[in-house]
Amino acid sequence: MTTPFPFTAVVGQDDLRLALLLNAVSPAVGGVLVRGEKGTAKSTAVRALSALLPEVTVVPGCRFSCDPAQPDPACPDGPHEPGNGTARPARMVELPVGASEDRLVGALDIERALAEGVKAFEPGLLADAHRGILYVDEVNLLHDHLVDLLLDAAAMGASYVEREGVSVRHAAKFLLVGTMNPEEGELRPQLLDRFGLTVEVTASREPDQRVEVVRRRLAYDDDPGGFAGRWADEEASVRQRIVAARELLPSVRLGDGALRQIAATCAAFEVDGMRADIVMARTATALAAWAGRTEVLAEDVRQAALLALPHRRRRNPFDAPGLDEDKLDQTLEEFSGEDDEDPDPDGPGGGGGSPEPDAGDSGPQGGDTGARPEAGEDGEPQPSGAGEQQPVRASEPFRTKVLSVPGIGEGASGRRSRARTEHGRTTGARRPRGALTKLHLAATVQAAAPHQRARGRSGRGLVVRRDDLRQATREGREGNLVLFVVDASGSMAARQRMSAVKGAVLSLLLDAYQRRDKVGLVTFRGSAADVALPPTSSVDAAAARLESLPTGGRTPLAAGLLKAHDVLRVERLRDPARRALVVVVTDGRATGGPEPVALAGRAARLFAAEGVASVVVDCESGPVRLWLAGQLAGELGGTAVTLDELRADSIAGLVKDVQRRAA
């Protein structure tokens, strides 16, 4: 067994270590989400925590870690009689990102259940993690169906496995700890709220501290056992302090004054629901117990807010987590009176929301002339081939129409296009390939029924054999690669017009976030195209690149399309099952170089020949329109929509599935 890196040997990362220790003192705090760049000891610290947790007493032989003092009456290995138990170390169970549903919740032996009527159940990771730690590295990459199961177990404290009328339930109370790199995408809001505390970690910029990190890591790699032995006394001291804090915790008093500060702070930062108030109260109590006190002080409330609120105050996916500490101090000071004072029931005002974007999402009126020539700004004269313009703010985002890829795919679980998945509505049955996961009962009975006499059936039970079992085929939704190809040339540079364009792309990015897509961003202007953001799960990164996007110059439409084609070619090699949806945001003009219009047409026909689903968002405005974007959509084999038609609440209809040119 590998010797873990000692918890007390982690250099720096004070907030991370404190958050983990508070959960060790009071598991009711609700776990920790650790966000940070790669190589910052996130996983090292989490894995080291399990060695500091007190031992748990379990019923001997129980696979579900029942407490002998209060055994679970519904335990599949029960019933258990109260009595003496066996002490064992607290477990830390790791949930791999690519785990199956059966690996997480356990599996029933369907064949025995049908033929013998017995509940032969193999426990999963949730059973192993009961009364311990469930750790998910790269939790933001966890598939949606596993997230749903985690949410259910965290909310109910139990796991349910149900297959065709046969069900098993067992207790599943665990400390949920997740680590993630925000560059790879964000968490679903429901799961984000389930983490009691959150910590942002970064690598130290102090040379002396970095030297010490390297020194300790090299010493550990050379001799893990010897290195751990040198830190044994510090580990034992922290372990004893955790035990003492747990014993003191029931005696800690949370006064009305502290409760008012907690409520006022949550109101001031406009967090949703009441979970933040409860988590802050539990965290402040654990902080007092960790400090050896029986009274919660204002400093405990302040520290609890810094740990429990940053991930809850986000108003939309692109708001950076964090708290305004000046505002926090002001709120705490305002509500720092004695318990018998009558505070302002409304609490201080304040936001926590994102800055209000520039008003206006429709460009000024102006005429466009010529067939894909370089034109000036609509409503604002602009010389042909104008230089770079300063970036403009995006207009307010809106809810968009659903754009999806036609056909049925088999890509990663998501919420955009139709796909064959392990979850969704049942559409048919087939013989299982490998282990049976979703039984199609009717098809199984139909396959077994003709052979009952030959198999010597004499009782009421159905004689079922392995060859009779049928796997249910299901249809759900997949996430796609949504590749944005954005025209940033001078013809798009009118400030209000570009603001509307950025607002539309930002709206589509919000939709991609909610539908669990990967996104990429290609921009073209001047004489070339650039990959502003390679395909990634971090929609936040795409929004940041969009916000700082400059405009100006000619319109190398062909270069933009060819660059997008190269991005898709590389991405197919990396992730062949994920289908792409190309969203071209342009007015359809093409200038620069010899025969720009013909070259753009040839580039567009590459997408049509390969059957790539595409949408052209037509950004042309003014009373006179050339509909060049519509011509581009025809060459791509896709659909053109205007900015107004992109809105979900627009009167004009938009076909949800992108039309693909017939082969």
Side-chain angles (χ1 to χ4, degrees), residues 316-318 354-368 372 374-382 386 388-403 482 484-513 519 521-525 532 539 542-553 555 557 560 582-589 615-630 632-633 639-652 654:
N316 69 60
F318 304 142
S354 57
E356 191 168 324
D358 292 343
D361 58 359
S362 61
Q365 300 299 306
D368 293 327
R372 292 188 187 166
E374 180 72 13
E377 297 183 6
D378 293 337
E380 297 183 19
Q382 174 79 16
E388 180 175 309
Q389 305 295 309
Q390 290 297 319
V392 298
R393 295 284 303 276
S395 64
E396 186 174 356
F398 51 86
R399 189 166 63 91
T400 66
K401 296 283 190 180
V402 181
L403 306 175
V482 182
F484 293 93
V485 185
V486 180
D487 184 350
S489 65
S491 67
M492 303 281 286
R495 296 191 66 83
Q496 287 190 348
R497 184 178 180 191
M498 196 62 199
S499 176
V501 169
K502 286 188 175 183
V505 179
L506 185 63
S507 302
L508 290 166
L509 284 170
L510 281 166
D511 184 65
Y513 167 81
V519 297
L521 179 62
V522 172
T523 64
F524 58 95
R525 67 186 183 91
V539 180
R545 303 288 173 88
L546 176 72
E547 191 69 25
S548 60
L549 178 66
T551 58
T555 312
L557 177 58
V582 176
V583 180
V584 185
V585 184
T586 182
D587 56 10
R589 291 176 172 82
V615 172
V616 178
V617 179
D618 185 357
C619 301
E620 190 176 32
S621 62
V624 178
R625 301 197 180 195
L626 304 177
W627 306 111
L628 301 176
L632 176 63
T639 299
V641 297
T642 65
L643 290 174
D644 288 338
E645 290 173 337
L646 193 61
R647 293 177 177 271
D649 55 358
S650 67
I651 299 176
L654 172 63

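The figures here come from the full heavy-atom set of this structure, side chains too, leaving out hydrogens, waters and symmetry mates.
With respect to L646, the side-chain contact (heavy atoms from CB on, under 4.5 Å) criterion is satisfied by exactly one of V585, D618, V583, V641: V641.
Annotation: the span from F524 atom CZ to T586 atom OG1 amounts to 4.5 Å, rounded to 0.5 Å. Atoms CG and CG, on L557 and D587 in that order, are 9.0 Å from each other to the nearest 0.5 Å. Here L510 contributes atom CG and F398 contributes atom CZ; the two are 10.0 Å apart, rounded to the nearest 0.5 Å. Atoms CZ and CG, on R545 and L521 in that order, are 8.5 Å from each other to the nearest 0.5 Å. To the nearest 0.5 Å, atom CD of residue E620 and atom CG of residue L628 are 6.0 Å apart. Separating the CD atom in E396 from the CG atom in L506 is a distance of 10.5 Å, to the nearest 0.5 Å.
Between S507 and P397, the shortest heavy-atom contact is OG-CA, 3.2 Å. Contact record, T523 with A532: CG2-CB, 4.2 Å, taken as the closest heavy-atom pair. When all heavy atoms of A629 and A640 are compared, the closest pair comes out as O-CB, 4.2 Å. Closest non-hydrogen pair, A488 versus P550, comes out as CB-O, 3.6 Å.
Residues S489 and D487 have side chains that bring a donor and an acceptor to within less than 3.5 angstrom of each other.
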As a quick check of understanding, evaluate side chain to side chain contact (heavy atoms under 4.5 Å, CB included) for L403 and L508, giving each step before the final call. CA-CA 9 Å; L403 306 175; L508 290 166; 4.1 Å; yes

Hey, mind stepping through K502 and L549 against side chain to side chain contact (heavy atoms under 4.5 Å, CB included) and telling me if it holds?
CA-CA 9 Å; K502 286 188 175 183; L549 178 66; 4.1 Å; yes

Determine, stepwise, if the pair V615 / V582 fulfils side chain to side chain contact (heavy atoms under 4.5 Å, CB included). CA-CA 6 Å; V615 172; V582 176; over 6 Å; no

